[in-house]
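Structure record follows, encoded as structure tokens.
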Amino acid sequence: MVSLGLCAAALAAALAAPARADAPTRAEAPRAAAAWRLKDTGRSDVRFRGLAAVSRQAAWVAGSRGTVLRTADGGRSWRNVSPPGAQGLEFRDIEAFDGRRAVVLAIGEGEASRILRTDDGGATWTESFRNDDPRAFYDCVTFFDSRNGLAMSDPVDGKYRILSTRDGGRSWRVLPDAGMPAAQPGEAGFAASGQCLVSAGPRDVWLATGGGATGRVLHSADRGLTWTATETGIPAGDPARGVFALAFRDRHHGIAVGGDYRTGEPSPHAAARTGDGGGTWRQSAAPPPAYRSGVSWLPRTRSGALAVGPTGTDLTRDGGRTWRTIDTGSYDTVDCARDSACWASGEKGRVARLER
């Protein structure tokens, strides 16, 4: 099938050269050029940490001030589809099944953590979960398919709390924690990009952690019932450091990125990779030069991926072994659709699509 956007192989080649900051940026290659091109959302007052790339034409973003926007024309125009009365909520993750169906997660302590679903492109929303435990703080949500999904909270009583849905996010239940290993003291997830909980295939899911003694990734092969924890080599040991985002190309091959989110603080060893489903992790030989909060595999490639953060975008062409900065614009998260279109979003209403 012919891609509707720039094919992933050409994309990786096109991004091999350096790019300058801001839009439009360009990365030159012998036969192709691709770069982030900003799409005006008109919302410079919002930080979009939630992003769902549906296609080259369709995408959703969610962020501060209870804001949800949707485009159906490649970012030329954006429709404000924010849930009524949500101005006080902080949306940090959005998962879209298509241009009309989506689930959005609001973060925060107690009742600030909520999940809402729309089936009509955001014209109406239904709240399907409101946290009633003041000890819980939900960070991320992921779906295996259009019906089965999970959401995760920071540890409660020493263990991460997992929500499960079997009806596409219309209802949720807390899973038993008997199969969840104990959290490290001070350990938690980071609600930075909607990628602290990710899935691949029908049953496998991974959870990224930081703040504890080591940056870990927890893996479940049974939709969240039992978990194992593995150290990644990404430094933690501080509430601002750890693994911030994960991406899995399949149930075996994954990338973890993170670092220290504080401005100006060094972030050595900010990326790691696995080839055995997270059983073991190896540090990148040439990691991104600074903290990165989002990561996405390039569709239709076996080794290409993008990582983003406040100081730039990095490209790997060897499965996460080495990274090269190709743009210095600020983004918090990145997501690529099945038709190979890649989108990024972040502070001051920034949303961009990778274009020729």
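A quick note: this is a predicted structure, and the numbers were derived from the prediction, not measured. All values below were derived from every heavy atom in this structure, side-chain atoms included, with hydrogens, water molecules and symmetry-related copies excluded.
Between the side chain of T71 and the backbone N or O of S77, at least one donor-acceptor pair lies under 3.5 Å. Listed for the S220 side chain is a donor-acceptor partner under 3.5 Å among the backbone atoms of T226. No side-chain donor-acceptor contact under 3.5 Å links T165 to the backbone of N148. Using a distance-only test at 3.5 Å, with no hydrogens or angles considered, no donor-acceptor pair links the side chain of E90 to the main chain of G63. Looking only at distances, no side-chain donor or acceptor of K348 sits under 3.5 Å from a matching main-chain atom of S44. Listed for the N131 side chain is a donor-acceptor partner under 3.5 Å among the backbone atoms of A136. In terms of modelled atom types and a separation under 3.5 Å, the side chain of W343 and the main chain of S55 share a donor-acceptor contact. A donor-acceptor pair is defined here as one N or O able to donate and one able to accept, closer than 3.5 Å; no such pair exists between the side chain of R117 and the backbone of R170.
Ion pairing between a basic and an acidic side chain is recognised when a charged N comes within 4.0 Å of a carboxylate O; R262 and D260 show such pairing. With respect to D314 and R324, no salt bridge is recorded, no charged nitrogen being found less than 4.0 Å from a carboxylate O. One finds no salt bridge joining D120 and R100 here, because no Lys/Arg side-chain nitrogen approaches an Asp/Glu carboxylate oxygen to under 4.0 Å. Salt bridge annotation for K39-E355: present, with a cationic side-chain nitrogen under 4.0 angstrom from a carboxylate oxygen. No salt bridge links R101 with D119; every basic N to acidic carboxylate O contact stays at or beyond 4.0 Å.
Side-chain heavy atoms closer than 4.5 Å link hydrophobic residues (I, L, V, M, F, W, Y) into clusters, and following such links, even through other members, never connects V156 to L218. Both V308 and L315 are part of a single hydrophobic cluster, where members link through side-chain heavy atoms under 4.5 Å apart. Both V334 and I326 are assigned to one and the same hydrophobic cluster, defined by single-linkage of ILVMFWY side chains at heavy-atom distances under 4.5 Å. Hydrophobic clustering of Ile, Leu, Val, Met, Phe, Trp and Tyr side chains at less than 4.5 Å, counting indirect connections, unites L354 with L38. At a threshold of 4.5 Å between side-chain heavy atoms, the hydrophobic network of Ile, Leu, Val, Met, Phe, Trp and Tyr places W227 and M152 in one connected group.
Nearest heavy-atom pair across T333 and L51 is CG2-CB, 3.6 Å. Nearest heavy atoms, V243 versus A256: CG1-CB, 3.8 Å. Looking at every heavy atom in both residues, R302 comes nearest to W297 through O-CZ3, 3.8 Å. Residues V104 and A62 approach most closely at CG2-CB, 3.9 Å, considering heavy atoms. When every heavy atom of G121 is checked against every heavy atom of V81, the shortest pair comes out as O-CG1, 3.3 Å. Considering every non-hydrogen atom in both S296 and C336, the closest pair reads OG-N, 3.3 Å.
Going from atom CZ of F137 over to atom OG of S113 covers 6.0 Å, rounded to the nearest 0.5 Å. One finds the CG atom of D335 at 9.0 Å from the OG atom of S345 (value rounded to the nearest 0.5 Å).
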**Request:** Evaluate the ring pair (Phe, Tyr, Trp, His ring centres under 6.0 Å) criterion for residues F143 and F97: first the C-alpha distance (whole Å), next the side-chain angles of each, then the deciding distance (0.1 Å), finally the verdict.
**Result:** CA-CA 9 Å; F143 279 85; F97 307 112; 5.0 Å; yes
**Request:** Go through the steps for R273 and R282 under the test side chain to side chain contact (heavy atoms under 4.5 Å, CB included), then give the verdict.
**Result:** CA-CA 5 Å; R273 58 193 175 89; R282 289 179 285 178; 3.2 Å; yes
**Request:** Under the side chain to side chain contact (heavy atoms under 4.5 Å, CB included) rule, what do L89 and R114 come out as? Steps first, then yes or no, please.
**Result:** CA-CA 9 Å; L89 298 179; R114 306 178 193 182; 4.0 Å; yes
**Message:** If you apply the rule side chain to side chain contact (heavy atoms under 4.5 Å, CB included), what do you find for C196 with L246, and how did you get there?
**Reply:** CA-CA 6 Å; C196 59; L246 300 168; over 6 Å; no
**Request:** Mind running side chain to side chain contact (heavy atoms under 4.5 Å, CB included) on D276 and H252 for me, showing each step along the way?
**Result:** CA-CA 5 Å; D276 60 6; H252 300 293; 5.8 Å; no
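Geometrically, R223 engages F144 in a cation-pi contact defined by less than 6.0 Å to the ring centre and at most 45° from the axis. The cationic group of R350 lies under 6.0 Å from the six-membered ring centre of Y331 and within 45° of the ring axis, placing it in a cation-pi geometry.
For the residue pair T214 / Q184, a side-chain donor-acceptor distance below 3.5 Å is found, with atom types taken as modelled. Using modelled atom types, one finds a donor on one side chain and an acceptor on the other under 3.5 Å when comparing W172 with S128. Between the side chains of D318 and T316, at least one donor N or O sits under 3.5 Å from an acceptor N or O. There is a side-chain donor-acceptor pair under 3.5 Å between S330 and E347. Under 3.5 Å, the side chains of S293 and R49 contain no donor-acceptor pair of N or O atoms. For the residue pair T313 and W36, a side-chain donor N or O sits within less than 3.5 Å of a side-chain acceptor on the partner. A donor-acceptor pair shorter than 3.5 Å can be found between the side chains of T142 and S199.
Relative ring orientation between F129 and Y138 is described as perpendicular, the plane-to-plane angle rising above 60° on a 0-90° scale split at 30° and 60°.
The 12-atom threshold is not exceeded at CZ of R65, counting heavy atoms of other residues, nucleotides or ligands nearer than 6.0 Å. A 6.0 Å sphere centred on CD of Q57 holds more than 12 heavy atoms belonging to other residues, nucleotides or ligands. Few gaps surround CD on E265; more than 12 heavy atoms of other groups in view lie less than 6.0 Å from it.
Residue pairs meeting the salt bridge (charged side-chain N to carboxylate O under 4.0 Å, His left out) criterion with at least one partner in residues 128-140, sequence neighbours excluded, are E111-R130, E127-R130, D133-R135, D133-R161, R135-D157.
Centroid-to-centroid, the aromatic rings of F244 and Y291 come within less than 6.0 Å.
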